[in-house]
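These notes are about the structure you will find just below.
Worth saying up front: this structure is predicted, and the values here are computed from it rather than measured. Labels below follow one simple rule: chain letters A, B, ... track the order of the sequence lines, proteins then strands, and each chain is numbered from 1.
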Protein chains: 2
Amino acid sequence: MTIEEQSKDEILSEIFKALSEPNRLKMIRTLNESDKEITCGEMSEILKLSLSTVSYHAKTLREMGLTNTRKEAQTKYLSVNRQTFKKYLPGFLDSL
Amino acid sequence: MTIEEQSKDEILSEIFKALSEPNRLKMIRTLNESDKEITCGEMSEILKLSLSTVSYHAKTLREMGLTNTRKEAQTKYLSVNRQTFKKYLPGFLDSL
DNA sequence: TTATTACTTCGATAGTTATAAAACTAATGA
DNA sequence: TCATTAGTTTTATAACTATCGAAGTAATAA
C-alpha cells in the first residue's frame with residue numbers, strides 16, 4: 001500500500017462513518033432525490049428528529065464535504081455535494 | 001421513501017459501518033488486491049493486529065456478507081465477496 | 001428595543017465499539 | 001494420548017457517538 005492509498009483509506013473510512021448513521025444516510029437520500037435545497041427545519045420534520053440532532057448530523061456531513069450549505073438570512077439550505085461523491089464513491093448517488 | 005428503500009438504507013448503513021473501521025477497510029483492500037485467499041494469521045501479520053482483533057473484524061465483515069470464508073482443517077481462508085459489493089456498491093471495488 | 005425565527009452549541013446520558021489478553025475449541029500430528 | 005496450530009469467544013476497558021433539552025447566537029421584523 002502506498003502513502004496515497006493510506007490516506008485515501010482514511011478519507012474513505014471517514015466518509016463511510018458519516019454514511020453509516022441511518023439518519024445521515026436518509027439525509028443524503030432526501031437531498032439526492034430532491035430537486036431543490038432543503039432547510040434544517042424541513043429536514044427535522046421529514047426525519048422526525050429534533051432540530052439539534054439534525055444540526056449535529058448536518059455538521060458531520062458538511063465537514064466531510066458530503067453536503068453544501070448556503071446561508072440566506074437565518075436559514076441554511078442544504079444540498080448534496082456531488083463532486084465529493086464523484087471523487088470517492090463514483091456512481092454511488094445513481095445507485096442509491 | 002418506499003418500504004424497500006427504507007430497508008435498503010438500513011442494509012447500506014450497516015455496510016458502511018462495516019467499512020468505516022480503517023482496519024476493516026484495509027482488510028477489504030488487501031483481499032481485493034490479492035490474487036489468492038488470505039488467512040486470518042496472514043492478515044494479522046499484514047495489519048499488525050492481534051489474531052483476536054482480526055477474528056473480531058473478520059466476523060463483522062463475514063456477517064455483512066462482504067467476505068467469503070473457506071475452512072480447511074484449522075485454517076480459514078478469507079476472500080472478498082464481490083457479489084455483495086456488486087449489489088450494494090456497484091463499481092466500488094474497482095474504484096478502491 | 002423587543003420579539004421571533006432558524007440554527008448551533010453545551011451538557012448529560014445511554015448505548016456502542018475496538019482492542020488485546022486469557023481461556024477455549026477444533027483439527028492435525030507425533 | 002499429548003502437543004501444536006489456527007482461530008474464536010469471553011472479559012474488561014477505554015473511547016466514541018447519537019440523542020435531546022436548554023441555553024446561546026445571529027438575522028429579521030415589529
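To the nearest angstrom, P of D:dA22 lies 15 Å from CG of A:L51. The CD-C1' distance, from B:E14 to C:dT17, rounds to 14 Å in whole Å. When rounded to the nearest whole Å, the span between NZ of B:K26 and P of C:dA18 equals 14 Å. Protein atom CG of B:L19 is 12 Å distant from nucleotide atom P of C:dA18, rounded to whole Å. The CE-C1' distance, from A:M27 to C:dC7, rounds to 12 Å in whole Å. Atom CD of A:E21 is separated from atom C1' of C:dG15 by 13 Å (rounded to the nearest Å). Distance, B:N23 CG to C:dT17 C1': 13 Å, rounded to whole Å.
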Using atom names, set out every protein N or O paired with an N or O of nucleotides 24-30 of chain D below 3.5 Å, distance rounded to 0.1 Å.
residue	atom	partner	partner atom	Å
D:dA27	N3	A:Q74	NE2	3.3

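Heavy-atom distances to DNA chain D give each of B:T75 and A:L49 a nearest nucleotide, and the one nearer the 5′ end belongs to B:T75.
With A:T75 contributing its side chain and A:K71 its backbone, the two residues share no donor-acceptor pair below 3.5 Å. Judged purely by atom type and a 3.5 angstrom limit, A:N81 has no side-chain atom pairing as donor or acceptor with the backbone of A:N68.
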Could you pull out every donor-acceptor pair under 3.5 Å between side chains of residues 34-45 of chain B and any protein atom, sequence neighbours left out?
residue	atom	partner	partner atom	Å
B:S34	OG	B:K36	N	3.0
B:S34	OG	B:K36	O	2.6
B:E37	OE1	B:R70	NE	3.3
B:E37	OE1	B:R70	NH2	2.7
B:E37	OE2	B:R70	NE	2.9
B:T39	OG1	B:E42	N	3.1
B:E42	OE1	B:T39	N	2.9
B:S44	OG	B:L49	O	2.6

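Residues B:N32 and B:R82 have side chains that bring a donor and an acceptor to within less than 3.5 angstrom of each other.
Between B:K17 and C:dT16, a side-chain N or O to OP1/OP2 separation shorter than 4.0 Å is absent.
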Could you provide the dot-bracket string of DNA chain C, using ( ) for intrastrand pairs, [ ] for crossing pairs and | for bases paired to another strand, with Watson-Crick or G-U pairs below 3.5 Å?
-> ||||||||||||||||||||||||||||||

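Among residues two or more places apart in sequence or in another chain, the ring-ring contact (aromatic ring centres under 6.0 Å, His included) test is passed with A:F92 by A:F85, B:F16. For B:S52, the side-chain hydrogen bond (donor to acceptor under 3.5 Å, both in side chains) partners are B:S50, not counting sequence neighbours.
Ion pairing between a basic and an acidic side chain is recognised when a charged N comes within 4.0 Å of a carboxylate O; A:K26 and B:D9 show no such pairing.
Using a 4.0 Å cut-off on heavy atoms, the residues of residues 52-70 of chain B that approach DNA chain C are B:S52, B:T53, B:Y56, B:H57, listed by number.
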